[in-house]
Amino acid sequence: MARDQSAEEPSELLTVLDALDDADARAIIRALVEPMTASELSDECDIPLSTTYRKLDLLTEADLLVEGTEIRADGHHTTTYEVTFDEVRIELTDKRRLDVNVVRPEQAPDQQLADIWSAVRRETK
């Protein structure tokens, strides 16, 4: 009987690989040249809005996207999404295990604070 090797892999690796294995999620990443809303991404990628939301959840759980808030003058604020990485590296460690390294760009202090606030919001939902 073959052994399930996925149980031996770190959950972060599996989460990132699952997200990147999805064609719609990759289309969203390619479209995010600048922060966009779910509706904008749905239109840009020609993906149904309900599917877009599922893919955005998948990508944010993998920490490949970050949620932001666009403040609008009319008082109707909206959530935007932005890519948080430059590279994803899969490495074989000395112990012969796969490891994931998500390389992120340098962030200004205001962006670091925004990321922390977004993480707090996700944890309190």
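The chain is numbered in sequence order, starting from 1. Only this structure's heavy atoms are used, side chains among them; waters, hydrogens and symmetry mates stay out.
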A.B. asks: Please step through side chain to side chain contact (heavy atoms under 4.5 Å, CB included) for the pair Cys45 and Thr52, ending with a clear verdict.
C.D. replies: CA-CA 9 Å; Cys45 299; Thr52 300; over 6 Å; no

A.B. asks: Looking at CG of Leu64 and CG of Leu58, how far apart are the two atoms once the value is rounded to the nearest 0.5 Å?
C.D. replies: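 CG of Leu58 is found 8.5 Å from CG of Leu64.
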
A.B. asks: If you round to the nearest 0.5 Å, how far is CD of Glu12 from CG of Asp99?
C.D. replies: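 Taking CG in Asp99 and CD in Glu12, the distance rounds to 7.5 Å.
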
A.B. asks: State plainly whether the residues Arg89 and Glu91 are in salt-bridge range, i.e. N to O under 4.0 Å.
C.D. replies: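 Here Arg89 does not pair with Glu91 in a salt bridge, since their nearest N and O are not under 4.0 Å apart.
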
A.B. asks: Donor-acceptor pair, distance only, cut-off 3.5 Å: does the side chain of Ser42 make one with the backbone of Ala38?
C.D. replies: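 Not confirmed, Ser42 side chain does not pair with Ala38 backbone.
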
A.B. asks: Flag yes if more than 12 heavy atoms outside His76 fall under 6.0 Å of its NE2 atom; otherwise flag no.
C.D. replies: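 No.
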
A.B. asks: Looking at every heavy atom in both Ala19 and Leu59, which two are closest together, and how far apart are they?
C.D. replies: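 The answer is CB-CD2, 4.0 Å.
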
A.B. asks: Between Ile29 and Leu20, is a side chain to side chain contact (heavy atoms under 4.5 Å, CB included) present by the stated rule, with each step listed?
C.D. replies: CA-CA 9 Å; Ile29 291 169; Leu20 294 176; 3.9 Å; yes

A.B. asks: Determine whether Met36 and Tyr81 satisfy the following criterion, side chain to side chain contact (heavy atoms under 4.5 Å, CB included), listing intermediate values before the conclusion.
C.D. replies: CA-CA 5 Å; Met36 297 173 75; Tyr81 298 87; over 6 Å; no

A.B. asks: Drop me the distance from Thr37's OG1 to Glu44's CD, to the nearest 0.5 angstrom.
C.D. replies: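 Between atom OG1 of Thr37 and atom CD of Glu44 there are 11.0 Å.
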
A.B. asks: Please say yes or no: joined through hydrophobic side-chain contacts below 4.5 Å, possibly via intermediate residues, are Val33 and Val66 part of one cluster?
C.D. replies: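 Hydrophobic grouping puts Val33 apart from Val66.
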
A.B. asks: Can you check side chain to side chain contact (heavy atoms under 4.5 Å, CB included) on Ile47 and Ile28, steps first, answer last?
C.D. replies: CA-CA 9 Å; Ile47 302 170; Ile28 289 170; 4.3 Å; yes

A.B. asks: Just how far is it from atom CZ of Phe85 to atom CG of Asn101, taken to the nearest 0.5 Å?
C.D. replies: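 With rounding to 0.5 Å, CZ (Phe85) is 12.5 Å from CG (Asn101).
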
A.B. asks: Rounded at 0.5 Å granularity, tell me how far CD in Glu61 sits from CG in Asp18.
C.D. replies: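 Atom-to-atom, Glu61:CD and Asp18:CG are 10.5 Å apart.
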
A.B. asks: Rounded to the nearest 0.5 Å, how far apart are CG of Leu32 and CG of Leu56?
C.D. replies: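 Between Leu32 CG and Leu56 CG, I get 7.5 Å after rounding to 0.5 Å.
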
A.B. asks: According to a hydrophobic-cluster definition based on side-chain heavy atoms being under 4.5 Å apart (Ile, Leu, Val, Met, Phe, Trp, Tyr only), do Leu92 and Val16 belong together?
C.D. replies: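 Both belong to a single hydrophobic cluster.
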
A.B. asks: Check whether any side-chain heavy atom of Ile90 lies under 4.5 Å from a side-chain heavy atom of Leu13, and answer yes or no.
C.D. replies: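 Yes, at least one pair of side-chain atoms sits under 4.5 Å.
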
